[in-house]
Amino acid sequence: MKIALASDHAGFDLKAAIGPFLAGRGIDFTDFGSQAGEAVDYVDLGEAAAASVVAGGHDRAILVCGTGMGMSIVANKLPGIRATVCWNAYTAEMSRRHNDSNCLALGGRVLTLDEGLAIVRIWLDTPFEGGRHQRRLDKIRAVEERRCGGRNAAKI
Ligand code: RB5
């Protein structure tokens with residue numbers, strides 16, 4: 001699995017902890033920034049990382065801002081992205097089992113580093129259940145095709 005990792009300044013500390021966590025598990029990742037000490041707009045970094053998932057360069061993205069909400073909003077503008085803000089073990093597990101989340105959005109100002117890493121671990125390890133949940137994802141795909149670019153909608 002290849003992960004696209006990005007944060008703004010508010011998510012930098014948690015992103016800085018997630019990188020070594022992924023490396024320690026042997027997971028390949030690309031750090032799209034931000035860099036230490038720079039104030040940036042989450043929109044730019046979130047779009048870049050999510051676009052790489054849509055393009056197939058990465059399998060999933062982990063995006064961190066102050067609350068996770070801004071990152072999730074921008075990522076979900078890209079057809080094919082299923083970004084989920086997760087704030088505890090239950091939401092992390094359900095985001096994978098039911099939503100097949102391919103983009104984890106975290107709040108660096110909401111979570112401790114330990115809480116954030118615990119969520120990442122669950123999100124990485126939990127499989128999608130498929131079945132009735134696949135039917136619902138197929139309907140989301142149909143919404144994208146109707147509302148967000150027709151045949152150009154991503155096929156991820
Ligand atoms: C930055 O101050 C903050 O607005 C941003 O990190 C994020 O929380 C937005 O959703």
Side-chain angles (χ1 to χ4, degrees), residues 1-25 27-126 128 133 136-137 139-141 143-144 147-149 153-154 156:
M1 185 189 305
K2 289 182 68 178
I3 298 285
L5 179 62
S7 77
D8 69 357
H9 50 285
F12 178 83
D13 288 348
L14 181 51
K15 176 175 73 71
I18 292 171
F21 177 83
L22 295 175
R25 293 181 53 137
I27 295 174
D28 193 13
F29 70 97
T30 303
D31 187 343
F32 282 73
S34 60
Q35 307 304 318
E38 68 173 352
V40 296
D41 296 332
Y42 62 83
V43 180
D44 302 322
L45 298 148
E47 181 190 5
S52 178
V53 174
V54 173
H58 295 84
D59 301 299
R60 298 193 206 168
I62 300 175
L63 309 177
V64 193
C65 61
T67 60
M69 294 190 284
M71 282 293 200
S72 70
I73 291 169
V74 65
N76 278 319
K77 297 297 182 191
L78 283 72
I81 293 294
R82 295 178 297 278
T84 53
V85 183
C86 297
W87 58 91
N88 57 21
Y90 181 76
T91 54
E93 183 180 343
M94 289 303 109
S95 78
R96 290 288 313 135
R97 288 199 187 287
H98 289 190
N99 309 117
D100 196 18
S101 169
N102 58 10
C103 182
L104 174 63
L106 296 172
R109 290 174 174 162
V110 178
L111 302 165
T112 66
L113 296 183
D114 284 347
E115 288 169 341
L117 294 179
I119 289 168
V120 169
R121 180 180 56 74
I122 293 166
W123 183 79
L124 289 170
D125 291 348
T126 304
F128 175 52
H133 303 294
R136 292 156 186 169
L137 297 191
K139 287 188 172 185
I140 292 174
R141 167 71 45 76
V143 171
E144 291 175 338
R147 308 281 184 179
C148 311
I156 63 172

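Order of appearance sets the numbers: ligands from 1, and atoms from 1 within every ligand. Hydrogens, waters and symmetry mates are skipped; everything else that's a heavy atom, side chains included, is used. Since this is a predicted model, take the numbers as computed values, not measurements.
A distance of 9.5 Å separates CD of Glu115 from CG of Leu113, quoted to the nearest 0.5 Å. Atom CG of Leu104 is separated from atom CE of Met71 by 11.5 Å, given to the nearest 0.5 angstrom.
Taking the six-membered ring where the residue is Trp, Phe32 and His58 present perpendicular rings, their angle passing 60° and hence far from 30°.
Side chains of Arg82 and Asn99 form no contact here, defined as non-hydrogen atoms less than 4.5 Å apart.
Using a cutoff of 4.0 Å between basic side-chain nitrogens and carboxylate oxygens, Arg25 and Asp125 are scored as salt-bridged.
Around ligand 1 you find Asp8, His9, Ala10, Tyr42, Cys65, Gly66, Thr67, Gly70, Arg109, each with a heavy-atom distance below 4.0 Å.
Listed by first and then second residue, the ring pair (Phe, Tyr, Trp, His ring centres under 6.0 Å) pairs that reach into residues 63-84 come to none, sequence neighbours excluded.
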